[in-house]
Amino acid sequence: MASLNPLSGSLGRRRAAHLLRRASFRYARTQVDDLSTQTATQAVTTLLTTSPLQHAQPYYATSPTATPVTWINPPKPPDAPLPAQDFEMRPNVLSWWTNEALHDPGITHKMTFFLHQFLATDADAGTSSNFFDYLSLLRWGSLGNFKKLLVKIVTDNSMLYYLDNDQNFAQNPNENFAREFFELFTIGRGQPAGPGDYTTFTEDDIVQAARVFTGFNHALRNQNTDPDTNIPAGKGYPQTHDFGQKTFSPRFADTVIKAPANDLTGMIAELQAFVDMVFAQDETAKNICRRLYHYFVTRKITQEVEDEVITPLAATFRTNDFELKPVLLQLLTSEHFYDADDTLSNDEIVGALIKSPLDLALQALSFFDLPIPDAVGEYDKHYNTFYNSAVRYRMLELAGMPLFYPWDVAGYPGYYQDPDFNRQFFNSATIISRYKLPQMLLTGTFAWGGQAAESIGTKLDIAAWVKDSGTISDPSDSYVVVEELVQYLFPEEPDGDRLNHFLEIVFLDGIPPFDWTIDWNEYVSSGDDMAVKIPLQRLVNALLYAPEYQVF
């Protein structure tokens with residue numbers, strides 16, 4: 001029986017690691033160990049606390065030697081040397097977000113990306129500042145009220161571009177945004193029930209919804225700021241809005257919406273009434289909870305899970321007026337999330353998902369605590385060499401995830417495309433990039449594709465990391481080195497034969513364990529890492545290459 005009952009007792013290492021892998025892009029032994037002593041409720045509450053940003057906004061420099069400046073808030077710094085073409089600054093916005101995700105110890109950026117997955121735009125929708133505002137809006141809503149976020153997304157300047165609502169006028173309606181508001185953002189499209197009827201909404205409902213959305217359009221960033229979010233936004237223009245009566249289908253109980261006045265106040269009232277109507281349907285809460293389940297738990301939803309997990313989660317969502325935190329707390333503290341609601345605790349959920357390229361890259365970077373070039377003092381290395389070239393292109397785009405450029409309006413197929421779902425993250429087109437990740441980190445170069453000598457802007461000094469990071473409790477003991485790396489890198493500890501393979505064949509390469517102890521102690525006393533670096537690199541490469549590391 002699938003159970004949402006809270007898991008009792010302290011999490012322990014295995015379950016704490018499972019929670020952190022699923023709930024955060026940042027993953028380190030110290031965090032796992034801290035969470036392991038806490039109950040599920042305490043640990044999830046910790047992760048649900050939003051941490052401050054490292055940098056409030058991106059930097060930009062016209063050359064590697066120029067002093068970096070900020071340019072988004074306020075919109076234009078006095079006398080700031082900015083390029084004539086806005087698109088030149090856009091990659092820095094994406095790299096800024098990636099850096100913040102890497103350093104976020106909680107769930108905020110994980111939830112921001114969850115929202116982006118189905119409230120999708122791409123980074124070319126509008127200006128670089130517009131896309132920064134979109135990311136800021138998702139962060140604002142990531143642990144807040146989902147229903148309020150859906151009202152705000154209507155006037156997001158990037159979304160207005162992406163789904164053509166800036167072309168939706170009373171005399172010339174455009175239905176793109178209205179369709180996706182139903183199908184992707186909220187209630188979802190149910191099974192076909194007849195011509196133009198999807199059991200949750202109809203084609204006629206899309207027509208009426210498009211009329212509700214008429215007249216919402218762009219505003220310059222310095223001309224309109226949303227009072228609730230303090231983020232620049234578009235606004236309503238009554239002169240292009242359809243103030244006629246909107247009548248919806250029996251799917252929405254024949255609801256009639258009519259603006260109380262033909263002005264901006266009337267437009268906003270109409271929009272709120274429409275959102276209230278959509279969220280009054282039980283299927284809206286269920287659809288969002290299914291998405292959360294797919295993202296955090298597994299892609300498979302059985303009838304048992306639908307009845308015993310999705311339905312009560314949706315009830316929690318409605319009871320709490322569509323606040324996300326109570327739902328996340330209930331799901332991530334549940335026995336079901338830890339696969340502790342049946343007699344087999346390792347057959348359904350832990351290790352059941354293939355890591356997305358984003359999870360794979362950021363969790364490796366954070367676990368090994370690679371030094372990140374400073375955004376100001378090492379501007380070019382930070383933005384261009386490390387994040388734009390190494391992380392966003394080599395680690396993500398070539399692995400099948402062009403960050404913030406989803407394939408279509410539905411987002412990234414690995415999260416939604418039935419029946420393959422996350423298996424799409426691991427295929428013949430993306431496997432090379434995944435498997436080259438440890439080599440890139442260990443050599444500090446691209447190490448493939450004819451660019452072996454080109455730096456990625458950082459490098460994993462594996463011997464120094466093992467000695468100084470505190471991740472390995474006794475580096476002089478070869479068994480401890482292998483066992484502890486396996487325990488923290490793999491979702492499940494392998495059997496004895498597999499562990500011995502990594503220890504005796506990969507790491508020791510046939511030498512006696514005592515020889516490793518001698519070599520390690522010599523390294524500690526002399527500082528010469530030649531004898532210990534090669535076996536450690538061999539081990540890390542094999543562990544990150546292993547099938548067990550590709551899942552979480």
Side-chain angles (χ1 to χ4, degrees), residues 113-122 125 134 137-138 141 146-156 158-168 173-214 216 246-253 255 257 271 273-295 299 301 306 310 314 317-318 322 324 406-421 424:
F113 197 74
F114 164 78
L115 294 171
H116 165 65
Q117 159 58 24
F118 69 98
L119 301 177
T121 71
D122 72 37
Y134 164 78
L137 179 60
L138 296 191
F146 183 75
K147 184 177 176 182
K148 290 180 181 178
L149 175 63
L150 266 289
V151 174
K152 305 299 183 186
I153 205 72
V154 174
T155 51
D156 175 78
S158 199
M159 185 65 74
L160 284 163
Y161 276 110
Y162 189 66
L163 289 180
D164 303 324
N165 209 60
D166 57 356
Q167 301 174 39
N168 186 17
N174 185 297
E175 297 174 3
N176 287 357
F177 182 81
R179 181 176 298 278
E180 306 311 345
F181 191 93
F182 282 132
E183 186 168 340
L184 297 179
F185 296 2
T186 56
I187 200 166
R189 187 172 69 179
Q191 294 299 315
D197 186 349
Y198 306 108
T199 71
T200 49
F201 63 88
T202 70
E203 288 292 330
D204 288 340
D205 291 322
I206 293 173
V207 173
Q208 299 302 306
R211 295 174 62 208
V212 173
F213 295 130
T214 53
F216 289 99
K246 288 86 176 174
T247 303
F248 290 85
S249 75
R251 296 296 180 197
F252 295 100
T255 298
I257 292 177
L271 173 62
F274 170 76
V275 172
D276 288 343
M277 177 191 75
V278 175
F279 276 79
Q281 311 306 307
D282 288 347
E283 186 59 25
T284 298
K286 288 183 178 180
N287 191 46
I288 304 308
C289 289
R290 290 188 199 105
R291 290 179 178 272
L292 288 167
Y293 187 90
H294 280 153
Y295 190 70
R299 304 294 195 258
I301 296 180
E306 179 71 22
I310 302 302
F317 204 18
R318 292 191 302 271
F322 301 98
L324 286 163
W407 292 14
D408 57 36
V409 293
Y412 306 87
Y415 294 109
Y416 74 86
Q417 189 67 63
D418 188 23
D420 291 335
F421 288 113
Q424 298 193 53

A.B. asks: Is the shortest heavy-atom distance from the side chain of F248 to the side chain of V212 under 4.5 Å?
C.D. replies: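 In contact.
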A.B. asks: Do N168 side-chain atoms and N174 backbone N/O form a donor-acceptor pair below 3.5 Å?
C.D. replies: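 Flag set: sc N168 to bb N174 pair under 3.5 Å.
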A.B. asks: Under the 3.5 angstrom rule, does the side chain of Q208 hit a backbone N or O of T247 as a donor-acceptor pair?
C.D. replies: yes
A.B. asks: Should the pair H116 and Y134 be assigned to parallel (<30°), tilted (30 to 60°) or perpendicular (>60°) ring geometry?
C.D. replies: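 Because their plane-to-plane angle is over 60°, the rings of H116 and Y134 count as perpendicular.
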A.B. asks: Testing the basics here: between A178 and A210, what is the closest heavy-atom pair and its distance to 0.1 Å?
C.D. replies: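 Between these two residues, the closest heavy atoms are CB-N, 3.5 Å.
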A.B. asks: Go through the side-chain N and O atoms of D204 and S249 and say whether any donor and acceptor fall under 3.5 Å apart.
C.D. replies: no
A.B. asks: Quick one, I310 and Y293 - any side-chain contact, counting heavy atoms below 4.5 Å?
C.D. replies: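 Yes, their side chains come closer than 4.5 Å.
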A.B. asks: Please report the shortest heavy-atom distance between F216 and T155, naming the atom on each side.
C.D. replies: CD2-CG2, 3.7 Å
A.B. asks: With Y412, which of F113, F421, Y295, F114 fulfils ring pair (Phe, Tyr, Trp, His ring centres under 6.0 Å)?
C.D. replies: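 With Y412 as partner, ring pair (Phe, Tyr, Trp, His ring centres under 6.0 Å) holds for just one option, F113.
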A.B. asks: How far apart are the C-alpha atoms of L150 and L119, what are their side-chain angles, what is the distance that settles it, and do they pass the side chain to side chain contact (heavy atoms under 4.5 Å, CB included) test?
C.D. replies: CA-CA 9 Å; L150 266 289; L119 301 177; 4.3 Å; yes
A.B. asks: Hey, is the main chain of I153 close enough, under 3.5 Å, to the side chain of D156 for a donor-acceptor pair?
C.D. replies: no
A.B. asks: Apply the test side chain to side chain contact (heavy atoms under 4.5 Å, CB included) to residues N287 and E183: give CA-CA distance (whole Å), side-chain angles for both, the deciding distance (0.1 Å), then the verdict.
C.D. replies: CA-CA 10 Å; N287 191 46; E183 186 168 340; over 6 Å; no
A.B. asks: So that I know where these two stand, are F185 and F177 an aromatic pair - ring centroids less than 6.0 Å apart?
C.D. replies: yes
A.B. asks: What is the distance from atom CG of L115 to atom CG of L137, rounded to the nearest 0.5 Å?
C.D. replies: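 It is 9.0 Å, given to the nearest 0.5 Å.
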A.B. asks: For Q117 and A410, which heavy atoms make the closest approach, and how far apart are they?
C.D. replies: NE2-O, 3.1 Å
A.B. asks: Please check this pair: side chain of R299 against backbone of G414, looking for a donor-acceptor N/O pair closer than 3.5 Å.
C.D. replies: yes
A.B. asks: Kindly compute the distance separating OH (Y162) from CE (M159), expressed to the nearest 0.5 Å.
C.D. replies: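 With rounding to 0.5 Å, OH (Y162) is 8.5 Å from CE (M159).
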A.B. asks: Would the distance check show the side chain of S158 and the main-chain N or O of A125 forming a donor-acceptor pair, the cut-off being under 3.5 Å?
C.D. replies: yes
A.B. asks: When you measure from the side chain of T284 to the backbone of T186, do you find a donor-acceptor pair of N or O atoms at a distance under 3.5 Å?
C.D. replies: no
A.B. asks: Mind telling me whether F317 and F322 have parallel, tilted or perpendicular rings, with 30° and 60° as the class edges?
C.D. replies: perpendicular
A.B. asks: To the closest 0.5 Å, what do you measure between CG (D197) and CD (Q191)?
C.D. replies: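 That separation rounds to 12.0 Å.
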A.B. asks: Specify the closest pair of heavy atoms between M277 and T255, including all atoms of both residues, with the distance to one decimal.
C.D. replies: SD-CB, 3.6 Å
A.B. asks: Shortest non-hydrogen contact from T199 to G190?
C.D. replies: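 For T199 versus G190, the nearest heavy atoms are OG1-CA, 3.2 Å.
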A.B. asks: Could you grab the distance from atom CD of E203 to atom OH of Y198, nearest 0.5 Å is fine?
C.D. replies: 3.5 Å
A.B. asks: Enter the distance from D418:CG to I301:CD1 here, rounded to the nearest 0.5 Å.
C.D. replies: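 D418 CG to I301 CD1: 10.5 Å, rounded to 0.5 Å.
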A.B. asks: With rounding to the nearest 0.5 angstrom, report the OG1 to CD distance, T200 to Q281.
C.D. replies: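 That separation rounds to 9.5 Å.
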A.B. asks: Under 6.0 Å between ring centres: does that hold for F181 and F274?
C.D. replies: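 Ring centroids of F181 and F274 are less than 6.0 Å from each other.
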A.B. asks: For R318 and D282: C-alpha separation, side-chain torsions, deciding distance, then whether side chain to side chain contact (heavy atoms under 4.5 Å, CB included) applies.
C.D. replies: CA-CA 8 Å; R318 292 191 302 271; D282 288 347; 3.8 Å; yes
A.B. asks: Could you walk me through whether F146 and F279 pass side chain to side chain contact (heavy atoms under 4.5 Å, CB included), step by step?
C.D. replies: CA-CA 10 Å; F146 183 75; F279 276 79; 3.7 Å; yes
A.B. asks: Taking all heavy atoms of I187 and all of E283, pick out the closest pair and write down the distance.
C.D. replies: O-CG, 3.7 Å
